[in-house]
Novice: 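The structure under discussion is supplied below as structure tokens; questions concerning it will follow.
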Amino acid sequence: MLFIFLITFFLVLVLIYLRNKQKLWQNRGFASTSPNLLFGDIGDAVRGKKMMSVVYADIYKKYPNERLVGLYEFFKPNLLIRDPQLVESILVKDFSTFTDRIWIYSNPDGNNKMTKQLDTMRGKQWKNLRTKIITIFSTNKLKLMLSLMERCTQIMDTLVEEKCAEESVDIKEIVSRFATDVMGCCVFGLQFNTLTEPESEYRIIGKKIFNPTLKAVIRGFLSIISPKTVAWLKLTERSPEIQNFFSDLLRQSEEFRKKESFHRNDLLQLILDIRDRDREKAQSKDDDDEEIVDDNTVLSNLFVFYVAGFETTASSLSFCLYELALNPEYQQKLREEVRILLETNENIASYEVLKKMTYAEMVISESLRKYPAFGFLFRVCTAPYQLPDSSLQLSRGDRVIIPVLGLHNDEKYYPNPDKFDPERFTSENISARPPFTYLPFGDGPRMCLAIRFAKMEMKLCLARLISKYEFSPCSKTEIPLQWHPRSFVLNPKNGIKLRVRPLINVLVLIYLRNKQKLWQNRGFASTSPNLLFGDIGDAVRGKKMISVVHADIYKKYPNERLVGFYEFFKPNLLIRDPQLIESILVKDFSTFTDRIWIYSNPDGNNKMTKHLFSMRGKQWKNLRTKIITTFSTNKLKLMLSLMERCAQIMDTLVEEKCAEESVDIKEIVSRFATDVMGCCVFGLQFNTLTEPESEYRIIGKKILTPTLKAVIIGFLRVISPKIVALLKLTETSPEIQNFFSDLLRQSEEFRKKESFHRNDLLQLILDIRDRDREKAQSKDDDDGEIVDDNTVLSNLFIFYVAGFETTASSLSFCLYELSLNPEYQQKLREEVRTLLETNENIASYEVLKKMTYAEMVISETLRKYPAVGFLFRVCTAPYQLPDSSLQLSRGDRVTVPVLGLHYDEKYYPNPDKFDPERFTPENISARPPFTYLPFGDGPRMCLAIRFAKMEMKLCLARIISKYEFSPCSKTEIPLQWHPRSFVLNPKNGIKLRVRPLING
């Protein structure tokens, strides 16, 4: 019983002792973590859940307001440095107090033959050895080693070419074998040949070095607790097998050189020369005070150069290729730099050429930021040290950690840190960041000596691969990567699998590049397009809407009347001059009747192809003549009563929503617009205002949610509309086509059965169809476009889609701007109330027409937020541009950048400001015509302008007269756009506060 008590008492004392040890930082006034008694703060690393560098990065992130944080590894105190200025002091300014790393090497007479390496040496020993070894990496010696590397890249090239036939390639394995062979020839002067012999003993031993055994893991954590115990027990992470392998390798290589009098420009020869000079000095006793480079030093440092060089370089290269595969625009930009530089040097990647690869440098730097090989640095304080700008003091033996991974992912220094962006490393961006926030190689006297060697090797490898192959993700590409938690360096758990394909034949590339010189050759001002995407790369990659891309080009060339640009390799002409726009849309419309896209064969996969939007030439003209009668004044008046019922239901819904802190106004007006289209187009009550999960609302969302297939077909239309037609491709899914086809059929059957006639678009267009059928039977109208069932369905669908989405977006933008500008909201409210009071509170067609300020508000909304931000036409005959020597050819495409025009300060000063006064009659007449085009202009302008404006005015009259709209905490200012949407569409909806107006 007494024995149990004593044991318990002893354990309690130990626990108290350990807990007190874990209060050291707190007691000394430092900010500190709350450690676990057993593992301290590194439990996740000990249990193999996270890498050590990730653990440190987590602590870094957890204490954003601290300059430094005390933490514990088991019960060993450690200080994590967060402040870049403190990092600079430790690594550089006060380096003399922080010369040493935490670990010490074990007794060389023990089990480890590889102990005297720079990585672990301390104090004077480290300094003396570094002074000698640093000469190995001079510029001249690097140039000598470049030719050795080049041979390895040639063999790697052959291997990659063979792998192109495979669906997925383990790129980490290939670059690991490349880096192994480079280290073999540059360190030991031997041909390891792992690129041609994957089961070579050199590759097998390389894998073993980085395959953490349980013994090595335990030894590593024991080094944290007590490095001296590790040294005393003569423990080592390196197995006898690995030590003997490299020891024999060195011995055999040296014996061969002596026997054959062989001298080679590799690291082995350079360090052997240093050793031989030190031996002579030792014999003459001229240099007693220095660290002598002996056989152990040679073996130790060759081993550490080999290990650090092959694994870190291989990982960095594989991460680099992984990110380039995910970001093809950066891959192409790098490829262009590499090709240009190689072309100027007879395709030879010389040292000077590699040095000029500035974009490659940026790509490698960003790769090392996201994936630093070593995610932390560690130092030991060797003397009492007063922390700068602080009352806190470090004691001799205190350990400090610099969390490299944490710094590299800090949003203060690298906004959106998960994004791969080489532009972070332009000269301007580097100088704008605080120093000592980028440390992939460390910094100060103990930084990596082989930086230039590593970068030279990486640039050489990238230059060879990127110039000849295209890298892209495959089905086995892991996104995001998972890390091997037991690895000391960042190491992907499951390798890195990519698709690798040889680049298109050079002749094809030349052909495409020549295609992208068309405008330049014809004397037009022209952009500098990307070979792969032309000028629309940001749209293809989903970064910007296509209308924003056009607006950017518009803004970039302020002094040009028109600018040639390219969509992929297809030439397009962007029209900037309003007079030219007038010529194209109106005066010379007969030469620009057609839009770019053509409809596919109606016998194909699309039942909804014969609509005005995509029809061409005579077919379009004949159909337009018939359908335009649908939107006469009398027919609009008949439809107004249908809209009014929807407005009443919307009013009830808005009243219910007033109790909520924020209201998604885009959702409400979308449901209102859907119900209006339901009753005015199909003559049905869709009831989405009362049933938000109605099938009509769900199908409406699906129509405007771009699928990958639809996006691909859309871009294929840009490249070749005829191929889309030939292949009978359509962006509209069978589900949507069948839904509207059934809807039309059921509605028409009901009308026939019940002899039901309604004043909606369906009835109006059915009447046109029936008259055409009679004419077709009597052969009175052989020359016209017959309105058949396909035509009815196609145009009702396009009216529905265009009507509900564009109107809903415009209404939501209008209410958004009115909430941000309450003075305009009040002025509109006063106009609405005044007019309604004169007409018994009825918003008749005549009353809506009199709402001049509402017209101005809607016009300014459509200026800032045009539903469709560009117009496109095709030149159908040779055309001499007015007041110019330039000529267009048949088939040339032209784009009118509506969004660009609407934001041109020449026409709309301070264009980001919402100001309805721009649309007074005086201001309209003061502006050049054809600078305001939300509905287009000319014969192909939108037919439903008056319908849309009537609907918007009715909606505004109903809700502005009764409710006040204002921003709330969830209102996004400014709005963000959905980049894949064809129309301007807020990415996160529009949230506003809505309150009923005070009575009276």
Side-chain angles (χ1 to χ4, degrees), residues 87-106 108 112-142 144-145 183 186-188 227 231 246 250 265-282 286-309 312-313 373-374 376-383 399-400 402 404 436 439-457:
V87 174
E88 181 180 14
S89 296
I90 289 166
L91 296 182
V92 180
K93 291 181 178 178
D94 301 314
F95 173 75
S96 59
T97 310
F98 296 92
T99 54
D100 299 342
R101 293 197 169 112
I102 293 173
W103 300 332
I104 62 171
Y105 61 85
S106 56
N112 196 352
K113 301 173 185 179
M114 298 183 289
T115 56
K116 296 174 73 173
Q117 59 201 41
L118 276 174
D119 189 52
T120 56
M121 276 186 167
R122 293 188 163 202
K124 194 173 181 182
Q125 282 183 318
W126 164 80
K127 185 178 179 182
N128 290 336
L129 184 60
R130 181 185 182 276
T131 305
K132 295 172 181 178
I133 286 183
I134 197 171
T135 59
I136 291 171
F137 297 103
S138 68
T139 299
N140 286 335
K141 288 168 183 172
L142 287 176
L144 293 172
M145 284 186 274
M183 289 296 105
C186 290
V187 175
F188 289 96
F246 282 94
L250 175 59
N265 296 315
D266 53 31
L267 281 169
L268 172 57
Q269 191 64 58
L270 296 170
I271 203 167
L272 285 175
D273 292 345
I274 294 171
R275 182 204 62 184
D276 293 342
R277 287 195 296 272
D278 273 17
R279 280 180 176 172
E280 291 174 11
K281 288 180 182 179
D286 287 342
D287 204 15
D288 285 342
D289 199 36
E290 285 193 12
E291 176 70 17
I292 300 296
V293 173
D294 57 13
D295 290 340
N296 186 307
T297 314
V298 173
L299 177 60
S300 301
N301 287 283
L302 286 174
F303 173 75
V304 86
F305 290 154
Y306 170 81
V307 172
T312 58
T313 305
F374 295 98
F376 60 96
L377 308 172
F378 39 80
R379 297 290 186 269
V380 176
C381 184
T382 58
R399 304 172 172 194
V400 294
I402 296 164
V404 175
F436 293 86
L439 300 165
F441 296 99
D443 211 315
R446 275 206 98 137
M447 72 188 298
C448 173
L449 295 183
I451 297 176
R452 294 195 301 157
F453 178 93
K455 286 189 174 180
M456 181 174 76
E457 182 184 353

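What you see is a predicted model; the values in this text were computed from it and never measured.
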Novice: Between T99 and K127, is there a side-chain heavy-atom distance shorter than 4.5 Å?
Specialist: no
Novice: What residues form a ring pair (Phe, Tyr, Trp, His ring centres under 6.0 Å) with F441, not counting sequence neighbours?
Specialist: none
Novice: Given the rule in the side-chain contact (heavy atoms from CB on, under 4.5 Å) test, do F374 and T312 qualify, once you have shown the distances and angles that lead to the verdict?
Specialist: CA-CA 8 Å; F374 295 98; T312 58; 3.7 Å; yes
Novice: Checking side chain to side chain contact (heavy atoms under 4.5 Å, CB included) against V87, which of V400, D443, I402 comes through?
Specialist: I402
Novice: Check whether any side-chain heavy atom of D278 sits under 4.5 Å from a side-chain heavy atom of R275, and report yes or no.
Specialist: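 Not in contact.
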Novice: Which pair of non-hydrogen atoms, one from D100 and one from R446, has the smallest distance, and what is that distance?
Specialist: CA-NH1, 3.8 Å
Novice: What are the two closest heavy atoms between L268 and F188, and how far apart are they?
Specialist: CD2-O, 3.7 Å
Novice: Going by the rule side-chain contact (heavy atoms from CB on, under 4.5 Å), which residues pair with T97 if we only count those two or more places apart in sequence or in a different chain?
Specialist: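 Here the qualifying residues are C381, T382, A383, Y385.
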Novice: Listed by chain and number, what are the side-chain contact (heavy atoms from CB on, under 4.5 Å) partners of D276, not counting sequence neighbours?
Specialist: R279
Novice: Could you tell me whether the side chain of L377 reaches within less than 4.5 Å of the side chain of L91, counting heavy atoms only?
Specialist: yes
Novice: Do M183 and E457 have side chains that approach each other closer than 4.5 Å (heavy atoms only, starting at C-beta)?
Specialist: yes
Novice: With sequence neighbours excluded, what pairs up with F137 under the ring pair (Phe, Tyr, Trp, His ring centres under 6.0 Å) test?
Specialist: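 Listed in chain order: F305.
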Novice: Any luck finding a side-chain donor-acceptor pair between T131 and N128 under 3.5 Å?
Specialist: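 No, no side-chain donor-acceptor pair sits under 3.5 Å.
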Novice: If I take atom CZ from residue F98 and atom CG from residue D94, how far apart are they, to the nearest 0.5 angstrom?
Specialist: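 Here the interatomic distance stands at 7.0 Å.
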Novice: Identify, with sequence neighbours excluded, every residue that meets side-chain contact (heavy atoms from CB on, under 4.5 Å) alongside R130.
Specialist: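 Scan of R130 (side-chain contact (heavy atoms from CB on, under 4.5 Å), adjacent residues dropped) gives L118, W126, I134, L449.
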Novice: Which atom names give the shortest non-hydrogen contact between C186 and M145, and what distance separates them?
Specialist: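 Here C186 and M145 meet closest at SG-O, 4.0 Å.
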Novice: What is the distance from atom CG of L272 to atom CZ of R277, rounded to the nearest 0.5 Å?
Specialist: 11.0 Å
Novice: Checking R452 now: which residues fulfil side-chain contact (heavy atoms from CB on, under 4.5 Å) with it, not counting sequence neighbours?
Specialist: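 Result, side-chain contact (heavy atoms from CB on, under 4.5 Å) vs R452: T139, L142, Y351.
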